[in-house]
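Here is the structure we will look at, set down as structure tokens.
The figures that follow rest on heavy atoms only: side chains count, while hydrogens, waters and symmetry mates do not. Per chain, numbering begins at 1; letters A, B, ... match sequence-line order.
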Number of protein chains: 2
Amino acid sequence: MQADQVIRALGALAQEHRLATYRLLVQAGADGMAAGALAEALGLPASSMSFHLAQLSHAGLVTQRRQSRSIIYAADYAAMGALMGYLTENCCGGASCAPAATPADERNVA
Amino acid sequence: MQADQVIRALGALAQEHRLATYRLLVQAGADGMAAGALAEALGLPASSMSFHLAQLSHAGLVTQRRQSRSIIYAADYAAMGALMGYLTENCCGGASCAPAATPADERNVA
DNA sequence: TCGATATTTCCATACTTATCGAATCATTGG
DNA sequence: CCAATGATTCGATAAGTATGGAAATATCGA
């Protein structure tokens with residue numbers, strides 16, 4: 001993974017609504033979720049949702065496929081894996097960057 | 001780690017000069033590097049470097065200590081570990097997000 | 001074909017971020 | 001105390017990002 005791509009991916013996730021979107025898509029798994037469903041779940045107007053999905057898509061973090069009238073978005077785990085790989089290789093001192101488990105009472109606190 | 005903090009950390013790294021800065025600091029290890037040394041290494045004016053270091057600092061990714069006239073910055077591995085932990089927990093489907101090793105010929109390509 | 005539905009694109013606006021010179025602050029050596 | 005050094009803060013400017021309504025585009029069912 002190129003630094004350029006890494007920056008796009010990090011930037012895509014560095015926004016409240018997009019991070020929330022990505023987390024929803026991870027939960028949804030391979031089935032993914034329609035743009036409208038995401039918009040409703042997050043309480044965003046359609047045009048805003050579309051804007052954020054475009055950013056995630058441009059960063060390569062999500063895939064999209066049309067299903068009838070809906071466009072279904074799904075998390076692209078390979079991209080996330082590549083991002084994690086880059087961070088592990090380049091941004092961790094080999095030191096304590098082993099992804100320490102988050103204490104249960106801090107987990108999933110939106 | 002709170003979503004709020006995660007967003008600041010991701011945002012801090014999602015910038016060319018700051019990602020480069022952080023990587024230099026990781027390489028430098030516990031000794032860290034002075035603001036001026038970083039500025040020179042990256043070819044940035046002092047005020048720009050200071051701006052970026054403030055962002056990294058505010059995100060909690062680096063520590064700073066004064067040593068005589070210099071201010072020495074160092075990577076905070078614990079923060080990076082917490083970030084990795086959050087991503088692993090919340091953004092990886094348990095699936096293939098295991099930080100796959102980057103192929104040798106793509107490694108460290110700035 | 002037409003109307004309804006799902007989504008995107010367009011546009012204007014507000015907000016945030018990046019840049020860098022100049023001014024300022026802190027520390028040290030003489 | 002003063003000049004020099006290392007760094008931050010200030011201020012102006014340019015560039016990029018977020019927001020959301022309105023218009024345009026695609027798809028489906030009748």
Look at all strands and tell whether [X] reaches a base, only sugar-phosphate, or nothing, counting heavy atoms closer than 4.0 Å.
{"X": "Ser48(B)", "value": "base"}
{"X": "Ala34(B)", "value": "sugar-phosphate"}
{"X": "Ser47(A)", "value": "base"}

Calculate the interatomic distance between [X] atom [atom1] and [N] atom [atom2]; express it in whole Å.
{"X": "Ile71(A)", "N": "dT27(D)", "atom1": "CD1", "atom2": "P", "result": "9 Å"}
{"X": "His58(A)", "N": "dT8(C)", "atom1": "NE2", "atom2": "P", "result": "16 Å"}
{"X": "Leu53(B)", "N": "dT19(C)", "atom1": "CG", "atom2": "P", "result": "13 Å"}
{"X": "Ile7(B)", "N": "dA18(D)", "atom1": "CD1", "atom2": "C1'", "result": "14 Å"}
{"X": "Arg69(B)", "N": "dG6(D)", "atom1": "CZ", "atom2": "P", "result": "7 Å"}
{"X": "Arg66(A)", "N": "dC28(D)", "atom1": "CZ", "atom2": "P", "result": "8 Å"}
{"X": "Glu40(A)", "N": "dT7(C)", "atom1": "CD", "atom2": "P", "result": "11 Å"}
{"X": "Glu16(A)", "N": "dA18(D)", "atom1": "CD", "atom2": "P", "result": "11 Å"}

Give me the atom names and distance for the closest heavy-atom approach of [X] to [Y].
{"X": "Tyr77(B)", "Y": "Cys92(A)", "result": "CE2-C, 4.3 Å"}
{"X": "Tyr86(B)", "Y": "Ala3(B)", "result": "OH-CB, 4.0 Å"}
{"X": "Ala41(A)", "Y": "Leu24(A)", "result": "CB-CD1, 3.9 Å"}
{"X": "Leu42(A)", "Y": "Ala20(A)", "result": "CD2-CB, 3.8 Å"}

Does a side-chain N or O from [X] land closer than 4.0 Å to OP1 or OP2 of [N], or not?
{"X": "Ser50(A)", "N": "dT8(C)", "value": "yes"}
{"X": "His17(A)", "N": "dT19(D)", "value": "yes"}
{"X": "Tyr73(B)", "N": "dG6(D)", "value": "no"}
{"X": "Gln55(B)", "N": "dA18(C)", "value": "yes"}

> Closest nucleotide of DNA chain D for Arg18(A) versus for Gln67(A): which of these residues is on the 5' side?
Replying inline: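 On the 5' side of the pair lies Arg18(A).
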> Pick the nucleotide of DNA chain D nearest each of Ser68(A) and Ala35(B); which residue has the one closer to the 5' end?
Replying inline: Ala35(B)
>> Heavy atoms from C-beta onward define the side chain here; which of dA18(D), dA7(D), dT19(C) lies closest to that of His52(A)?
In response: dA18(D)
> Is there a donor and acceptor pair closer than 3.5 Å between the side chain of Ser70(B) and the base of dG6(D)?
Replying inline: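 No.
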> Donor-acceptor pair, Ser48(A) side chain versus Leu44(A) backbone, under 3.5 Å?
Replying inline: no
